[in-house]
Amino acid sequence: MQITSESFVITMCVVALLAVVAVPVLWDWWPWRKTGRAATVLLATVLALFSGGALINAQGDFFPTWTSLVGGDSSGLASGSNGVVGDIGQRHGRELIQRELRRYAGLTRHGNGVVVREDFAGAKSRISRPGAVYLPAAYFDRASQNVEFPVIELLSGSPGDPAGELRNLRIAQYLDQEIHADRMPPTIAVIPSTNPSALQDDECVNAVGGQADDTYLTTDIRADMLRDFRVLSDRQDWSLVGYSTGGYCAVNLTVRHPEYYSAAVSFSGYFYPITDYTTGDLYRRNRQVKAANSPLLTLNRDTTAGREQPATAFFLTAGSLEHGPPGQMRTLLSELRAPASGMGVLVPNGGHDWGPWRQELPVALDWVGRHFGGALAPALIPDHGETIIHASAVGPKLLASHASGKPVPKRGPKAVLRRVLARRGSPVVPTTPPIGQVTPTALRGHRA
């Protein structure tokens, strides 16, 4: 029974309640009254505290597994739980992993992708942590065995772990849904562990005198994915997505590494670096390093100096009831200049929790899918009274349908194919399958 499972939490609460009830019921029953009374009171207190801790832990994912509770693997990625079907472990190389994945091909017969666990060992950062990889059903299609796929890298909040994204954000289910509906192309998602432990927040930065998390999450994860899976290498085909601290990480790393990523999605993120008791002194009072990890400051400096910003796109959401994210979202959007672009979504009555993040996730995935260039069906639009904000001279015409509530005009597969291949610099394939039968092969072409 998992430590964060609903059945475990309910069981512990019931046991604690029975222990509390047992105190007065058994008060005069014990032959040795003082000893018996003390034991029942102590037991009831311990169980009440433990059940309360289990309830808080289930909500916050501080310790996703029993192993993490005693200082072990904090990813929560055990095979058979949270949608993880298998463990690749430390096996690496496309051919070897492709053979390993064959055993899971049957699980995709209904069009659903699969999630596997892998140990990502950073060659440059010297960090080694487990992570999850979502592979769309098209990845297992024999007709697409040479096709390479775009990538979403998903970063968790703090506390947070890959299992939390699978369980609470339901990222695999939403990817299946949007890919199946042709609102985004078949896409791979990698979910690395962003922190060494449940109680430490590294903010995804290269700490002064500490761990090189920035290098690990950008250079190393990218290199490992290119080595082990059929993924596209162009920056246009890589996007960062995160919530809370992960939202800060997604925007900060995209601003810092435009050579790797062309788009970022932030759910309730902040855009200034934070140092507190959860982070410790990551920058050792080095103002230059701290300023370099402030995306708002970086964009403001570009704007003030009249420097052209990279062609990066940002999709930002915040709940209207949150204290900081709405204001920072508006400020960041105001700092964007072409060819950078942005879109903000203010969720009415939304807080800093899973509900509004899940509500906007399909819209965000469709936005990423259109950015990748392979969507065939009209994108979902916000429809819960959200306030839509556009930024920069690039993108508003493309995204205006979200603000107006009108659907994006549907493009036929030939038009999409021509646009995608033209961007790739590849010759246009003269034949395309009919709508409803478009495959990654047709969209991407065969690439070894």
*Are Phe271 and Tyr248 close enough that their ring centres sit under 6.0 Å apart?*
no
*Trace of the side chain to side chain contact (heavy atoms under 4.5 Å, CB included) decision for Thr215 with Asp220*: CA-CA 6 Å; Thr215 300; Asp220 287 340; 4.2 Å; yes
*In a check of side-chain contact (heavy atoms from CB on, under 4.5 Å) between Glu153 and each of Ile191, Thr218, Leu217, Leu253, which one passes?*
Leu217
_Before you tell me yes or no, could you show the steps for Val151 and Asp237 under side chain to side chain contact (heavy atoms under 4.5 Å, CB included), namely the whole-Å CA-CA distance, both residues' side-chain angles and the distance that decides it to 0.1 Å?_
CA-CA 6 Å; Val151 179; Asp237 301 299; over 6 Å; no
*asked:* Tell me whether the count of non-hydrogen atoms from other residues, nucleotides or ligands lying under 6.0 Å of CZ in Arg126 goes above 12.
replied: no
_Trace of the salt bridge (Lys or Arg N to Asp or Glu O under 4.0 Å) decision for Glu148 with Arg94_ = CA-CA 12 Å; Glu148 295 177 327; Arg94 287 193 182 188; 3.4 Å; yes
_Using every non-hydrogen atom in the two residues, find where Arg337 and Gln309 come nearest and quote the distance to one decimal._
N-OE1, 2.8 Å
*Go through Arg129 and Asp213 one step at a time and tell me if the salt bridge (Lys or Arg N to Asp or Glu O under 4.0 Å) criterion holds.*
CA-CA 11 Å; Arg129 296 174 192 155; Asp213 282 87; 2.8 Å; yes
*Is the Trp357 to His352 ring centre distance short of 6.0 Å?*
yes
*Is it true that Arg91 and Glu100 make a salt bridge, defined as a side-chain N closer than 4.0 Å to a carboxylate O?*
yes
_With a sphere of 6.0 Å drawn around CZ of Arg307, does it hold more than 12 non-hydrogen atoms of other residues, nucleotides or ligands?_
yes
*Are Ile152 and Tyr134 close enough that some pair of their side-chain heavy atoms sits under 4.5 Å apart?*
no
_Is there a side chain to side chain contact (heavy atoms under 4.5 Å, CB included) between Arg370 and Arg183? Walk through the geometry before answering._
CA-CA 8 Å; Arg370 293 172 63 198; Arg183 289 189 289 264; over 6 Å; no
*Begin with the C-alpha distance, continue with both residues' side-chain angles, and end with the deciding distance and a verdict on side chain to side chain contact (heavy atoms under 4.5 Å, CB included) for Met343 and Phe314.*
CA-CA 6 Å; Met343 173 181 177; Phe314 300 91; over 6 Å; no
*asked:* Students often mix this up, so state it plainly: with edges at 30° and 60°, are the rings of Tyr261 and Trp238 parallel, tilted or perpendicular?
replied: perpendicular
*Taking C-beta and beyond as the side chain, do Gln236 and Phe372 meet within less than 4.5 Å on heavy atoms?*
no
*Just by distance, do the side chain of Arg230 and the backbone of Gln145 share a donor-acceptor pair under 3.5 Å?*
yes
